[in-house]
Amino acid sequence: MTKRNYHLLELFYIILGSFLTAAGVALFSSPARIASGGVSGIAIIIYHTLRFDTGLSILVLSVPLFLLGVAIFGKQYGMKSLLGTVLLSLFTSLINAWVGYDGLLDYSKDLSVLLSAISAGVLMGLGVGLVLRSGANTGGTDILAQIVARFTPLSMGTALFLVDAIIIASSAFIFSLEMALYATMTVYIVGVTVDKVVLSFGTRSAKTVFIISEKRQVIQEEILKELGHGGTILNGQGMFTGFDRPVIMTVVSNNKVGELTNIVHRADSQAFMVVQEAYKVLGEGFTPIEEAAWAGSSDVTQKRRRVKRP
């Protein structure tokens, strides 16, 4: 595949992914009042309380977060991510204009809300997964979670969970507890769809990636600059050639594997990558070591307390 065709494929993923995500929001999630976290969840709450267009709310909320992300993290929030944000907003507004704000189902029936929760989860999971595969994202609360993770001891996953949990909890007060539970179901389906159907990255929070390439220097510089991740250079030797072949080992969260793959492909289309599950990742950017050590020591203490003395 030529570099031009590869960029066209990335663009296709962003456009299709943004459309599918918007369809999930406009056709099912918003009409059913399922605020399933993220900027779209906030936009749904705003629409049903203030009657402000959902797509426009997504744009108004996302762009300042995107600019904040650029100011803090630099170039890793490039034009592709901004494009994903704008397209999600645009497609949501267009679908609302075409179909209306009431969706496709009759919400006087209880089953319609359940079907909406499932349909929204599948569509949004497919859409988000395709956008992530392109190396971009749709912005929103992902950026806010990364900022929280940067300046607090919280990991990215924990920060994102807390942000979405606050939005879903708010929907329980504004809509009902039942709607918040449906939103939780949608969030789960989105996660399963992204991991299993689109990205096939498994269910762990991170991946260990080994990269062998003649363009090692270029790749490691891009990992540092675009992903904001570090890594380790391992000493290796080719079995057939006997030449030294340094190996890049880095650990990245699931949602950055697509972006890392794009970085490697741009630098060297003949590179060799091995991606495997990281069962547990402790340290900067993930779960703090002291937190895991404290939890482990607490578990040991509890077990000792349960042991009967003779």
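Connection of Ile34 to Val187 is not established within any shared hydrophobic cluster, with ILVMFWY side chains joined at heavy-atom distances below 4.5 Å, either directly or through further cluster members. Using a 4.5 Å cut-off between side-chain heavy atoms of Ile, Leu, Val, Met, Phe, Trp and Tyr, with links allowed through other members, Val251 and Leu234 fall into different hydrophobic clusters. Hydrophobic clustering of Ile, Leu, Val, Met, Phe, Trp and Tyr side chains at less than 4.5 Å, counting indirect connections, unites Phe210 with Phe272. Residues Leu20 and Leu11 fall within the same hydrophobic cluster, defined by Ile, Leu, Val, Met, Phe, Trp and Tyr side chains chained together at heavy-atom separations under 4.5 Å. Leu50 is connected to Ile42 through a chain of hydrophobic side-chain contacts under 4.5 Å among Ile, Leu, Val, Met, Phe, Trp and Tyr, so both are in one cluster.
Closest approach of Arg33 to Phe175, counting heavy atoms only: O-CD1, 3.3 Å. The minimum heavy-atom distance linking Tyr182 with Asp110 is given by the pair OH-O, 4.3 Å. Closest heavy-atom contact between Ser40 and Val25: CB-CG2, 3.9 Å. The two residues Ala183 and Ala35 have their closest heavy-atom pair at CB-O, 3.6 Å. For the pair Thr49 and Ile45, the tightest heavy-atom approach, listed with the atom from each and the gap, is OG1-O, 2.7 Å. Shown here for Ala32 and Met179, the closest heavy-atom pair between the two residues is O-SD, 3.3 Å.
Interatomic distance, Ile211 CD1 to Met273 CE, rounded to the nearest 0.5 Å: 5.0 Å. Atom OG of Ser18 sits about 9.5 Å away from atom CG of Leu90, to the nearest 0.5 Å. The OG atom of Ser213 lies 10.5 Å from the CD atom of Gln220; values are rounded to the nearest 0.5 Å. Summarising the geometry, atom CD1 belonging to Ile95 is positioned 11.5 Å from atom OG belonging to Ser30; distances are rounded to the nearest 0.5 Å. Atom CG of Leu130 is separated from atom CD of Glu10 by 13.0 Å, given to the nearest 0.5 angstrom. Distance check, rounded to the nearest 0.5 Å: CG of Asn262 to CD of Glu222 gives 11.5 Å.
Under the 6.0 Å distance and 45° angle rule, Arg51 counts as a cation-pi partner of Tyr47.
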Query raised in the report: Should Val247 and Ile233 be marked as a side chain to side chain contact (heavy atoms under 4.5 Å, CB included) after you check the CA-CA gap, both sets of side-chain angles, and the distance that decides it?
Result: CA-CA 6 Å; Val247 179; Ile233 306 300; over 6 Å; no
Query raised in the report: What do the steps show when you test Met249 against Thr208 for side chain to side chain contact (heavy atoms under 4.5 Å, CB included), and what is the final call?
Result: CA-CA 7 Å; Met249 185 195 78; Thr208 303; 4.0 Å; yes
Report task. Please step through side chain to side chain contact (heavy atoms under 4.5 Å, CB included) for the pair Val252 and Val257, ending with a clear verdict. Result -> CA-CA 7 Å; Val252 297; Val257 176; 3.9 Å; yes
Per-pair distances, 0.1 Å, donor-acceptor, side chain in residues 160-170, under 3.5 Å, sequence neighbours excluded:
unit_1 : atom_1 : unit_2 : atom_2 : d
Asp164 : OD1    : Gly38  : N      : 2.9
Ser170 : OG     : Ile166 : O      : 2.8

Side chains of residues 112-126: which donor-acceptor partners sit under 3.5 Å, not counting sequence neighbours?
unit_1 : atom_1 : unit_2 : atom_2 : d
Ser112 : OG     : Asp106 : O      : 2.6
Ser116 : OG     : Tyr107 : OH     : 2.7
Ser116 : OG     : Ser112 : O      : 3.0
Ser119 : OG     : Leu115 : O      : 2.8

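Side chain of Thr250 to main chain of Gly230: a donor-acceptor pair is present (N/O by atom type, distance under 3.5 Å, no hydrogens or angles). Checking side-chain atoms of Ser89 against main-chain N and O of Thr85 turns up no donor-acceptor pair under 3.5 Å. Ser57 places a side-chain N or O within 3.5 Å of a backbone atom of Asp53 that can act as its donor or acceptor partner. Ser62 contributes a side-chain N or O that, together with a main-chain N or O of Ile58, makes up a donor-acceptor pair within less than 3.5 Å.
Side-chain contact between Ile248 and Arg216 is present, with at least one heavy-atom pair separated by less than 4.5 Å. Under the 4.5 Å side-chain criterion, counting only non-hydrogen atoms from C-beta, Thr261 is not in contact with Ile263. Counting heavy atoms from C-beta on, the side chains of Leu16 and Val131 never come closer than 4.5 Å. The closest side-chain heavy-atom distance from Ile14 to Leu87 is below 4.5 Å. Contact annotation: the side chain of Lys215 never approaches that of Glu221 to less than 4.5 Å [non-hydrogen atoms, C-beta and beyond]. Taking the side chain as every heavy atom from C-beta outward, Ile44 and Ser29 approach each other to under 4.5 Å.
Pairs engaging residues 15-42 under the ring-ring contact (aromatic ring centres under 6.0 Å, His included) rule: Phe19-Phe91 [sequence neighbours left out].
Shown here is Gln237, whose CD atom has more than 12 heavy atoms of other residues, nucleotides or ligands within 6.0 Å.
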